Amino acid sequence: AEILETIERGPDGADRRARHEMLRSRVMGVAQGFFRPEFINRVDEFIVFEPLQREQMRGIVQLQARRVGERLASKKMSLHVTDAALDHLSQVGYDVRYGARPVKRVIQQKLETPLAQALLRGEFAEGDGVLVDVVDDHQPEGYESDGLTVDYTPRRLTFTYLPGEAAREAGLSNTEE
C-alpha cells in the first residue's frame, strides 16, 4: 500500500529522484521480506520503473491511433482523430498501476470495434475519411443512481463521415496531432 501511495503521488521535478530512491528502497524491503536470501542473491539487479505520466500516455494513444489509421490507409481510407478524442482515450486508458497495458484494450473497445462495425454497416467506403471526436452525453437533470444524485458527464467517441474530397479539402492527415 505504501508503494502505491508513493507511485500515485507522482514526480515533482526536484523530488523525482528522491521519490524514485524511496520507492526503490521500499520495493527492495518488500522483496527481501518475501523472497528467500538464496533467491535474492541470484538476481543480478532489481529495476524499478517510474510510472507513466498522462502526457506519455497520450503519446502512446496517438501512436496506437496512428496504427489504426495505417490499417485504414491500406483500404484507401483516412482516419483523423481530434485532440479531444486523443485526450479522452488517454484518460480512459490511464492507470498508474498498470501503465500502458489498459490502453490497447481501450483502443480496441472504443476505437477499433465501433469503427469496424461502422465499416461492416457500410457507413464508410474506399476514399472516405473518418473523423473521430468526443462528445459529452449529458444525463437529464436530476439523474440519480442508487438514490444518489450524480454529477457525471459520460463521454463517448463519435465517428463522422468525411467524403473523400472533403477529407482532402480539410487538409487532414493521419499523422496530424
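Owing to the predicted nature of the structure, the values given are computational and were not obtained by experimental measurement.
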**OP:** Go through H80 and S78 one step at a time and tell me if the side-chain hydrogen bond (donor to acceptor under 3.5 Å, both in side chains) criterion holds.
**Re:** CA-CA 7 Å; H80 315 286; S78 59; 2.8 Å; yes

Subject >> Verdict with reasoning, T158 to V134, per side-chain contact (heavy atoms from CB on, under 4.5 Å) >> reply: CA-CA 6 Å; T158 60; V134 67; over 6 Å; no

**OP:** Show your reasoning for whether side-chain contact (heavy atoms from CB on, under 4.5 Å) applies to V68 and L115.
**Re:** CA-CA 10 Å; V68 173; L115 185 56; 4.1 Å; yes

Subject >> Trace of the side-chain contact (heavy atoms from CB on, under 4.5 Å) decision for E126 with K75 >> reply: CA-CA 6 Å; E126 184 175 302; K75 299 185 181 309; over 6 Å; no

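How far CG of D128 is from NZ of K76: 13.5 Å, rounded to the nearest 0.5 Å. In this structure, CE on M57 lies 8.5 Å from CZ on R54, to the nearest 0.5 angstrom. To the nearest 0.5 angstrom, I40 atom CD1 is 5.5 Å from Q32 atom CD. Atom CG in L111 sits 13.5 Å away from atom CZ in R67 (nearest 0.5 Å).
Side-chain contact check for I107 versus V61: some heavy-atom pair is nearer than 4.5 Å. The side-chain heavy atoms of L157 and L89, taken from C-beta on, include a pair separated by under 4.5 Å. The closest side-chain heavy-atom distance from L119 to M77 is below 4.5 Å.
Between R156 and the options V135, D136, D133, a side-chain contact (heavy atoms from CB on, under 4.5 Å) holds for only V135.
F46 and L23 are members of different hydrophobic clusters when ILVMFWY side chains are connected at heavy-atom separations under 4.5 Å.
In this structure, Y94 contributes its side chain and L52 its backbone to a donor-acceptor pair below 3.5 Å.
When every heavy atom of P102 is checked against every heavy atom of G93, the shortest pair comes out as CB-O, 3.6 Å. Nearest approach of G129 to F124, heavy atoms of both residues: O-CD2, 4.3 Å. Minimum interatomic distance between L86 and Q62 (heavy atoms only, all atoms of both residues): CD2-CA, 3.8 Å. Shortest non-hydrogen contact noted between V48 and R24 is CG2-CA, 3.9 Å.
Within 6.0 Å of atom CZ in R42, 12 or fewer heavy atoms from other residues, nucleotides or ligands are found, so the atom counts as exposed in its surroundings. At most 12 non-hydrogen atoms from other residues, nucleotides or ligands lie less than 6.0 angstrom from CZ of F34.
No donor-acceptor contact under 3.5 angstrom links the side chains of S90 and H88, judged on distance only.
Residue pairs meeting the side chain to side chain donor-acceptor pair (under 3.5 Å) criterion with at least one member in residues 109-118, sequence neighbours excluded: R71-E112.
Taking 4.0 Å as the cut-off between side-chain N and carboxylate O, R58 and D83 count as a salt-bridged pair.
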